[in-house]
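Here the structure is a predicted model, which is why all the values come from computation and not from measurement. Whatever order the structure lists them in is the order used to number ligands and atoms, beginning at 1. FYI, side chains are in, hydrogens and waters are out, and symmetry mates aren't considered; it's all heavy atoms of this structure.
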Amino acid sequence: MKDGFVAKQTTSIVTGGAGFIGSHLVDRLLEKGHQVICIDNLITGSRDNIRHLENHPSFRFLKADVSKDTELELGDRVDYIYHLASPASPPKYLKYPIETLLVNSLGTYLLLKAARKYNSHFLLASTSEVYGDPKEHPQKETYFGHVNPTGIRACYDEGKRFAEAITMEFYRQYRLKTRIIRIFNTYGPRMQASDGRVISNFISQALSGQPVTIYGEGEQTRSFCYVSDMVAGILAVSESADTIGQIVNLGNPHEINIRQAAELIVEKTGSKSPIVKKNQRLADDPEKRCPDIGRAAKLAGWTPKIDLKEGLSRTIEYFSEELKKSK
Ligand code: UDP
């Protein structure tokens, strides 16, 4: 990649490419024939998620922190930047609050500058957390949100809100080809058992016979999207000309409460684990969350295909295999 050599293949950068959603996105881009540079500092991502790609001729891994420009070496050609790098599960961003703020602020700025330099497409992975504890339901992209700017979740919520604001400025000021997706709760293979999110907690607890821990009364709702649907959505948005300069929700609008999720997982795993309530809800934990995905359907022709029962079966199978390997 030196002295005037320009790669012939479409080249995509995936930051956070060793993470849960990022690594699935990397797989799909390679299948599509892209050259992929995966950048990850591995604070929450895992090399295990990309180990199967180590000898792939179109794959390159760069262990780097995108909030430090000295660490970015991108080569000669960059067509797409998918910026997914950030701790994303509540226990992880609570553990790394400053890193979370920096990767979403400075990291996003540096990657936007790189996108400008290479004239590449830029996709920001934002989050449903920008809606905070929402007062509008389901959440449309036009809703401004209800966020505590200084609470314990602010490192993530406000980090992503800043990331969205600066992305929109690069669109408005420089006509950069930007897209913002707001990712709602997503689950599937390669979630880490220790990740702390609800689906991974419930499945690992149910499979190992531990109590399944509902935080609070379990009346709070979420809408869970299977990871292959999410990645299909990311690609559909990034390939549509109609989504440039737009913000698009991605998620599955099937909403359930946390108690129902616990019961379903206990039933599907055939587990004897008891379901227990714990007084462990974080401050500002949203009461309900459900995406309006009309815009994704209209602008990118995308809707999710895998229902919760099917997605959970696949995820439970993955967790069972991982559990066997660890024994
Ligand atoms: N939750 C729970 N038990 C767990 C983990 C999480 O009841 O073991 C709840 C949590 O309080 C929240 C919901 O499940 O209301 C979803 O939490 P998660 O950490 O998956 O992500 P969030 O949607 O809050 O970002």
Side-chain angles (χ1 to χ4, degrees), residues 16 19-21 44 84 86-97 100 104 125-134 137-139 145-148 151-161 181-188 190-227 230 249-266 269 271 273-291 308 311-312 315-316 319:
F20 161 49
I21 299 178
T44 58
L84 277 71
S86 173
S89 106
K92 294 289 157 114
Y93 57 70
L94 294 179
K95 187 172 173 196
Y96 299 110
T100 303
N104 284 300
S126 183
T127 168
S128 54
E129 285 275 336
V130 299
Y131 300 121
D133 188 10
H137 196 71
Q139 293 81 55
H146 177 240
V147 174
N148 175 351
I152 55 168
R153 293 174 92 106
C155 58
Y156 190 57
D157 303 6
E158 295 295 350
K160 290 292 186 189
R161 287 168 74 100
I181 51 166
R182 291 186 180 147
I183 298 179
F184 283 65
N185 295 66
T186 302
Y187 69 101
R190 296 189 196 153
M191 283 187 108
Q192 291 168 11
S194 60
D195 178 71
R197 286 191 182 94
V198 67
I199 297 286
S200 43
N201 273 10
F202 286 179
I203 295 179
S204 15
Q205 289 163 340
L207 288 176
S208 55
Q210 303 296 312
V212 170
T213 54
I214 290 180
Y215 300 163
E217 292 303 310
E219 296 297 319
Q220 67 270 38
T221 71
R222 294 294 187 272
S223 311
F224 297 102
C225 184
Y226 189 66
V227 66
M230 180 54 60
N249 284 341
L250 291 179
N252 189 317
H254 175 73
E255 182 183 5
I256 60 167
N257 71 32
I258 294 304
R259 183 179 33 76
Q260 291 167 317
E263 287 164 0
L264 187 59
I265 288 170
V266 168
T269 48
S271 170
S273 291
I275 296 175
V276 298
K277 287 183 188 166
K278 280 191 141 189
N279 191 14
Q280 217 172 292
R281 278 187 82 183
L282 294 174
D284 307 319
D285 184 356
E287 283 305 326
K288 49 191 180 202
R289 184 183 288 154
C290 178
L308 186 59
L312 282 178
T315 311
I316 290 166
F319 274 80

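Of the listed residues (H137, R182, R289), just one forms a side chain to side chain donor-acceptor pair (under 3.5 Å) with Y131, and that residue is R182.
More than 12 heavy atoms of other residues, nucleotides or ligands lie within 6.0 Å of CD in E287, so this atom counts as buried by the packing criterion.
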One pair per line, please: each N/O atom of ligand 1 matched with every protein N/O atom under 3.5 Å away, atom names first, then the distance to 0.1 Å.
{"residue": "ligand 1", "atom": "3 (N)", "partner": "T213", "partner atom": "O", "Å": "2.7"}
{"residue": "ligand 1", "atom": "7 (O)", "partner": "Y215", "partner atom": "N", "Å": "2.7"}
{"residue": "ligand 1", "atom": "8 (O)", "partner": "N201", "partner atom": "ND2", "Å": "2.8"}
{"residue": "ligand 1", "atom": "8 (O)", "partner": "T213", "partner atom": "O", "Å": "3.3"}
{"residue": "ligand 1", "atom": "8 (O)", "partner": "T213", "partner atom": "OG1", "Å": "3.1"}
{"residue": "ligand 1", "atom": "8 (O)", "partner": "Y215", "partner atom": "OH", "Å": "3.4"}
{"residue": "ligand 1", "atom": "11 (O)", "partner": "D285", "partner atom": "OD2", "Å": "2.7"}
{"residue": "ligand 1", "atom": "15 (O)", "partner": "Q220", "partner atom": "NE2", "Å": "3.0"}
{"residue": "ligand 1", "atom": "15 (O)", "partner": "R222", "partner atom": "NH2", "Å": "3.4"}
{"residue": "ligand 1", "atom": "15 (O)", "partner": "D285", "partner atom": "OD1", "Å": "3.0"}
{"residue": "ligand 1", "atom": "15 (O)", "partner": "D285", "partner atom": "OD2", "Å": "2.8"}
{"residue": "ligand 1", "atom": "20 (O)", "partner": "V198", "partner atom": "N", "Å": "2.8"}
{"residue": "ligand 1", "atom": "23 (O)", "partner": "N185", "partner atom": "ND2", "Å": "2.8"}
{"residue": "ligand 1", "atom": "23 (O)", "partner": "R222", "partner atom": "NE", "Å": "2.6"}
{"residue": "ligand 1", "atom": "23 (O)", "partner": "R289", "partner atom": "NH1", "Å": "2.8"}
{"residue": "ligand 1", "atom": "24 (O)", "partner": "R153", "partner atom": "NH2", "Å": "3.0"}
{"residue": "ligand 1", "atom": "24 (O)", "partner": "R222", "partner atom": "NH2", "Å": "3.0"}
{"residue": "ligand 1", "atom": "25 (O)", "partner": "E129", "partner atom": "OE2", "Å": "3.3"}
{"residue": "ligand 1", "atom": "25 (O)", "partner": "R153", "partner atom": "NH2", "Å": "3.4"}

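Taking a cutoff of 4.0 Å between a charged side-chain nitrogen and a carboxylate oxygen, E129 and R153 qualify as a salt bridge.
There is a side-chain donor-acceptor pair under 3.5 Å between E255 and T221.
Under the salt bridge (charged side-chain N to carboxylate O under 4.0 Å, His left out) criterion, K95 pairs with no residue at all, not counting sequence neighbours.
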Query raised in the report: Going through the checks in order, is the side chain to side chain contact (heavy atoms under 4.5 Å, CB included) test met by F319 and M191?
Result: CA-CA 9 Å; F319 274 80; M191 283 187 108; 4.0 Å; yes
